[in-house]
Structures are given as structure tokens and as C-alpha cells.
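Because the structure is predicted, anything quoted here is derived from the model rather than measured. By convention here, the first residue in the shown sequence is residue 1.
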Amino acid sequence: LHEKVVIQLNDTHPILIIPELMRIMLDEFHYKWDHAWSIVTKTVAYTNHTIMQEALEKWPVTMINKLLPRIYILIQEIDNRFRAEVYAKTHDFELVSRVAIINKGMVHMSNMANATVFSVNGVAEIHSQILKDDVMKDFYRLYPDKFNNKTNGVTPRRWLYYSNPELTNLLRETIGDEFLTDLTKIADLKNHIEDQEVIDKFNAVKLQRKQILVDYIKKTMGIDVDPHSIFDVQAKRLHAYKRQMLNCMNIIYLYQQIKSNPDFTMHPTTFLFSAKAAPSYVFAKKVIQLINTLQRIINSDPDVNKFIKVVFIPNYSVSIAEILLNAADVSEQISTAGKEASGTGNMKLMMNGAITLGTLDGANVEIRECVGDDNIFIFGKTVEELRVLRNTGYNAFDYYHSCPRIKKVMDSLVDGTWSINIEEFKSIFDEIMYSNDEFFLLADFKAYIETQRKINELYRNNRNEFTKKCLANIANSAYFSSDRTIRDYNNDIWHLEEIKF
């Protein structure tokens, strides 16, 4: 089987393939254990997509034993044999316990994958390194040759040629058609970044795409949006580590600045959100409620809405992404450093000429490597700096009491600014302050608002330079094609005889 097939496990969700394949070999084909195990371990490979604990699935022994009794017997046997193998290799009982598949009444799916497969990969360079250094460090110690990286990619056929025909036509007019079948040829655009005619045509294309989104928002939500404003987009799953709340904090800060300073000015900016929250994720749903509250209050305030507007597009989907991402000027990729495995929205936005505003997290690291420091806006503390902060005793209240801007923003959540019911957003305040700001919003707040200010000033004062950065992002986007990703999987893991695109 392994000479013809590789089964690539897409995160921890399909890990039961391992004992099920063993069941087929043993029960239906009557192989001996060692023969079956040899085949399975050469057939199955594992991609990890996130380090978040809720995705590193664990299931109760009682549940699996009741629903899948034969499968559970096989998991027990895999666990027993793996424990013996690790102990024989290390004579370390604590290590055996940490890497065990069955532990404390739970079956650890990621451990079963790591114990079995011939290849383990992360989906961005920094993510794969974190797996080796932290999340899977025991398995890396045991089996270093299994671990590798395969940075995610997105298909330009969907996220550029189909969804953005205006930009595609401009590229064809400027650099020819070769990039349509070989995205590496898009690098030819680098030769035209200084061309004023190309700059002007790109700005016209971007305005067209903005107008399409403006029309959609007006039709579906009844909100008027200025297509000449900066479109600042954060579109992704709503999760605390992705820090939509940090974006909200900047919006609240700007609102407070506008209301308190009659001389305040900035280039008009539309902050666009789209996201869904998991059904039981109360904090995420409360943040969605806050964004919609900001939308209602800010958009109806004539003192404020001439500078900023907020739009939350509901029911985020591929169809919405196809008109939202290519209208963006700024791509918000602001997760807590070390928490985002890769991201793919960042790639889609980059491919369509948005400039990344982000932390050094996930594929942002490789985007910076591709476009250079001058064509990306990086802010915030690094993985290493946050590790030091954790180890030296991070205290959210130190930031709250030492920075009047932070205190004023946080207090607005509980002082009636956004709701006459002061309890409405208290849970957000409590989660950040009394759970000690697990995702370091307060630690990165100053750097974030300062970087936002720099972006706004550049767009306002030197639109040509801003557009050149957009063009540089498009020209350097080929690495993030899924064609490159699939080639990497094939070259290092699958070894198909021939693969064509």
C-alpha cells in the first residue's frame, strides 16, 4: 500500500484513520501485527494546523470504548507498544507519560499521530519551529527526522484570476499571460513598480473593486461607505488569539481622540470585519456584539463618521471573501506572536495588493522575507519577547495603570460609553484584565496604534509610495501559491512519479 498511497492526515480530526487502517489489515486481511504496523507507519503522514490546545483533540476513553470498542482495543495496543518503545529508547518514565496516547482517561489524538506517522509538518516556518521547540518537543527529541515544514499556499486561480478579473487584466496588459499558468512569472511586475501609468491603473482597479464591495454593503446592510477611504480589513475566524479585540481597541482609541480633540485629523478609514465564532465560544460572540455596537454608534455620529466607519459583514463565506479581500488596502494579521500557525487570508490579501499590518507570526514571517521590511508593517512583541514576559511575571494591571490611553479605552467597556447597561461588555474587560491578558493585547497596544498612524499618514501624504508597496506585494506573492505548496509536499513526502499543473 505504501508504495502506491500516502494518506495525509489533515490536523487531528482524522487521526482514527490509524487504528481503522490497522483494523482493516488485521481483521479483514489477517495480517500479523508487525506486518500491518509496518505498512501503516509507512503510509500515513500528519499535518498539524494549529498549536491551540482545543484543536489538539483529546477524547474520553469511555466514549471511544463505547462507540468503537474494536478501535479502542487497537488504540490500547498501539499505546502499550509505543510506551515500551519509548522506555526502551530513553528509560525515562516521565517522558513516556508525556507522549502516551492514552493518559488520564483521555485518548490524545495528536500523540497517536506523532507516534505512528513517517512525516510531521507544520504549515509555516515559525509554526514548524514552535512544534519542535515547544508543543511537540518530546516527539522531536525522539524522532527528529520526521519533522519538516510545508508553508501553506492559496490558489491564484480562485483568489486572483477568478475573483479579481480587473487586476488580472491589468497584469496581463503589463507583464503578459505567462503568470496565469506559472505564478512565478508575476515577479516581472517588479520591473513596473516605478511606472506612473501602472501605479495609476492599479489605483483605478482598486477603486473598482472597492466600489463593488461598497455596493454590496449598501445593498445588504444599508451602510454608506466612502470608496476613497482606506479599507482596513480583518476577515478570519473570531478567536481571542487572532485579536479582533486589539483592532477594536484602536477604533475606540480613535473615537476618543476624535471626540476630545477638535483639531484631530486623519485620512478617512473604513474598518471592515467579517468573522464567525464557534457556537459555544462566548467571548468571541461578545466581541462580535462589540464590533456591531461600534458600527452602530460610530457610523451614526457625524463628528466621528467623517473620519472612521466600522462595518461587520455577517455570515463570512468564500463568496464574501471574493469581494472583500481584493478591495482591501490594509491586511490585518495581528495575532499574538506564536499562536497563528500560518494563515491563508494574509496570502489572498497580499496577492491582491493589500499591505500586511501584522505581528511576526504565522506566514507573516515569510511574507516579510518575500516583500522586504519596506513593504510590510510589522509591530508588536516577538515569540521570544513574549516568552520572557510570561516568565518574568506579566501583569495586565501594570499596563492599565501606567498608560492613560489604555486605561481610557478599557474603561469605556464598563462606563456606559457603548451601552447604558454597564454590564454589557464587562466580560470582555474581565477576560483581559482579570485573566491577565492571555493574548497580550495591552503589551502590543502602543505599538499597534503607532503603526496604524504610520499607515494612515503614508496613504494620506504619499499615495504613490503606498501604491508601490501594494504592487511589490503582488509581485512577490508567487511563493504563496498552492502550486508551490503541493510541489513541496510531493518532493518531500508523497514522491508521486509525476505531478503537473
Side-chain angles (χ1 to χ4, degrees), residues 8-13 15 45-58 95 98-99 108-153 236-237 239-243 246 333-347 356 358-370 376 378-392 394 436-441 443-444 447 479-480 485 488-489 492-493:
Q8 191 77 40
L9 300 174
N10 191 32
D11 221 350
T12 51
H13 320 307
I15 301 302
Y46 168 44
T47 297
N48 173 271
H49 282 281
T50 177
I51 66 168
M52 301 304 291
Q53 285 302 311
E54 62 260 37
L56 298 174
E57 295 182 30
K58 296 175 286 190
L95 175 62
R98 290 198 302 271
V99 300
H108 295 248
M109 296 299 182
S110 183
N111 286 8
M112 182 153 48
N114 285 320
T116 305
V117 302
F118 70 87
S119 170
V120 179
N121 71 275
V123 290
E125 286 179 1
I126 190 171
H127 170 228
S128 296
Q129 195 61 47
I130 289 169
L131 294 182
K132 293 189 286 188
D133 293 344
D134 185 8
V135 180
M136 297 175 181
K137 62 183 178 183
D138 291 324
F139 287 97
Y140 180 62
R141 171 185 162 190
L142 289 165
Y143 308 109
D145 293 341
K146 284 187 180 183
F147 284 77
N148 59 91
N149 175 61
K150 299 289 171 283
T151 297
N152 277 338
K236 53 183 75 248
R237 180 166 57 97
H239 196 291
Y241 86 81
K242 294 179 183 287
R243 300 203 297 189
L246 183 60
Q333 309 298 330
I334 59 177
S335 53
T336 308
K339 296 297 185 182
E340 184 72 81
S342 169
T344 54
N346 47 1
M347 303 170 189
T356 301
T359 51
L360 281 176
D361 195 30
N364 295 352
V365 176
E366 287 144 285
I367 290 176
R368 185 179 73 159
E369 291 171 359
C370 289
I376 190 170
I378 295 295
F379 76 96
K381 298 191 181 301
T382 64
V383 172
E384 294 75 19
E385 289 168 338
L386 291 180
R387 186 178 294 121
V388 170
L389 262 184
R390 286 189 190 96
N391 294 338
T392 55
Y394 178 73
N436 202 31
D437 191 17
E438 179 184 356
F439 298 107
F440 298 96
L441 285 81
D444 279 347
Y479 180 76
F480 301 102
T485 304
D488 287 352
Y489 272 98
D492 298 342
I493 301 174

Asks: Heavy atoms, side chains only, cut-off 4.5 Å: are T47 and Y489 in contact?
Replies: yes
Asks: Could you grab the distance from atom NZ of K132 to atom CE of M136, nearest 0.5 Å is fine?
Replies: 12.5 Å
Asks: Between A443 and L389, what is the shortest heavy-atom contact and its length?
Replies: CB-CD1, 4.2 Å
Asks: Answer yes or no: is there a side-chain heavy-atom contact under 4.5 Å between N121 and I493?
Replies: yes
Asks: For the CZ atom of F439 and the OG1 atom of T336, what is their distance to the nearest 0.5 Å?
Replies: 6.0 Å
Asks: Keeping N48 on the side-chain end and T50 on the backbone end, is there a donor-acceptor pair under 3.5 Å?
Replies: yes
Asks: Is any side-chain heavy atom of L360 closer than 4.5 Å to one of I126?
Replies: no
Asks: Would you sort out whether F139 and V120 count as a side chain to side chain contact (heavy atoms under 4.5 Å, CB included), showing the intermediate values?
Replies: CA-CA 10 Å; F139 287 97; V120 179; over 6 Å; no
Asks: Think K137 forms a cation-pi with Y140, using NZ or CZ under 6.0 Å from the six-ring centre and within 45 degrees of its axis?
Replies: no
Asks: Between A363 and A124, which heavy-atom pair has the shortest distance, and what is it?
Replies: N-CB, 3.9 Å
Asks: Hey, does H108 have a side-chain heavy atom less than 4.5 Å from the side chain of E57?
Replies: no
Asks: Not counting sequence neighbours, which residues clear salt bridge (charged side-chain N to carboxylate O under 4.0 Å, His left out) with D492? List them please.
Replies: K150
Asks: Tell me, please, which residues at least two apart from H49 pass ring-ring contact (aromatic ring centres under 6.0 Å, His included).
Replies: none
Asks: Are the side chain of D138 and the backbone N or O of D134 linked by a donor-acceptor pair below 3.5 Å?
Replies: no
Asks: How far apart are the closest heavy atoms of I51 and G338, and which atoms are they?
Replies: CD1-O, 2.8 Å
Asks: Would you sort out whether K58 and Q53 count as a side-chain hydrogen bond (donor to acceptor under 3.5 Å, both in side chains), showing the intermediate values?
Replies: CA-CA 9 Å; K58 296 175 286 190; Q53 285 302 311; 4.9 Å; no
Asks: Report the C-alpha separation of K339 and H239 in whole Å, then their side-chain angles, then the decisive distance to 0.1 Å, and conclude whether the side chain to side chain contact (heavy atoms under 4.5 Å, CB included) test is met.
Replies: CA-CA 11 Å; K339 296 297 185 182; H239 196 291; over 6 Å; no
Asks: ring-ring contact (aromatic ring centres under 6.0 Å, His included) with Y479: which residues, sequence neighbours excluded?
Replies: none
Asks: Can you check whether I367 reaches F480 side chain to side chain, under 4.5 Å on heavy atoms?
Replies: yes
Asks: Going by atom types only, do Y46 and S110 share a side-chain donor-acceptor pair under 3.5 Å?
Replies: yes
Asks: Measure the CD-OG1 distance between E340 and T359 for me, rounded to the nearest 0.5 Å.
Replies: 8.5 Å
Asks: Specify the closest pair of heavy atoms between G380 and A447, including all atoms of both residues, with the distance to one decimal.
Replies: N-CB, 4.0 Å
Asks: Are any non-hydrogen side-chain atoms of M52 and L56 less than 4.5 angstrom apart?
Replies: no
Asks: What I'd like to find out is whether the side chain of N148 reaches to under 4.5 Å of the side chain of S128, using heavy atoms alone.
Replies: no
Asks: Yes or no on side chain to side chain contact (heavy atoms under 4.5 Å, CB included) for R390 and F440, after CA distance, side-chain angles and deciding distance?
Replies: CA-CA 10 Å; R390 286 189 190 96; F440 298 96; 3.5 Å; yes
Asks: CG of N149 to NE2 of H127: how many Å apart, nearest 0.5 Å?
Replies: 9.0 Å
Asks: I need the R368 CZ to T356 OG1 distance, nearest 0.5 Å.
Replies: 12.0 Å
Asks: Is a donor on one side and an acceptor on the other found under 3.5 Å between the side chain of K242 and the backbone of R237?
Replies: no
Asks: Using 0.5 Å steps for rounding, measure from the CD1 atom of I334 to the CG atom of L246.
Replies: 4.5 Å
Asks: Applying side chain to side chain contact (heavy atoms under 4.5 Å, CB included), run through T151 and T485 and close with a yes or a no.
Replies: CA-CA 6 Å; T151 297; T485 304; 5.8 Å; no
Asks: Do K236 and Q333 have side-chain heavy atoms sitting under 4.5 Å apart?
Replies: yes
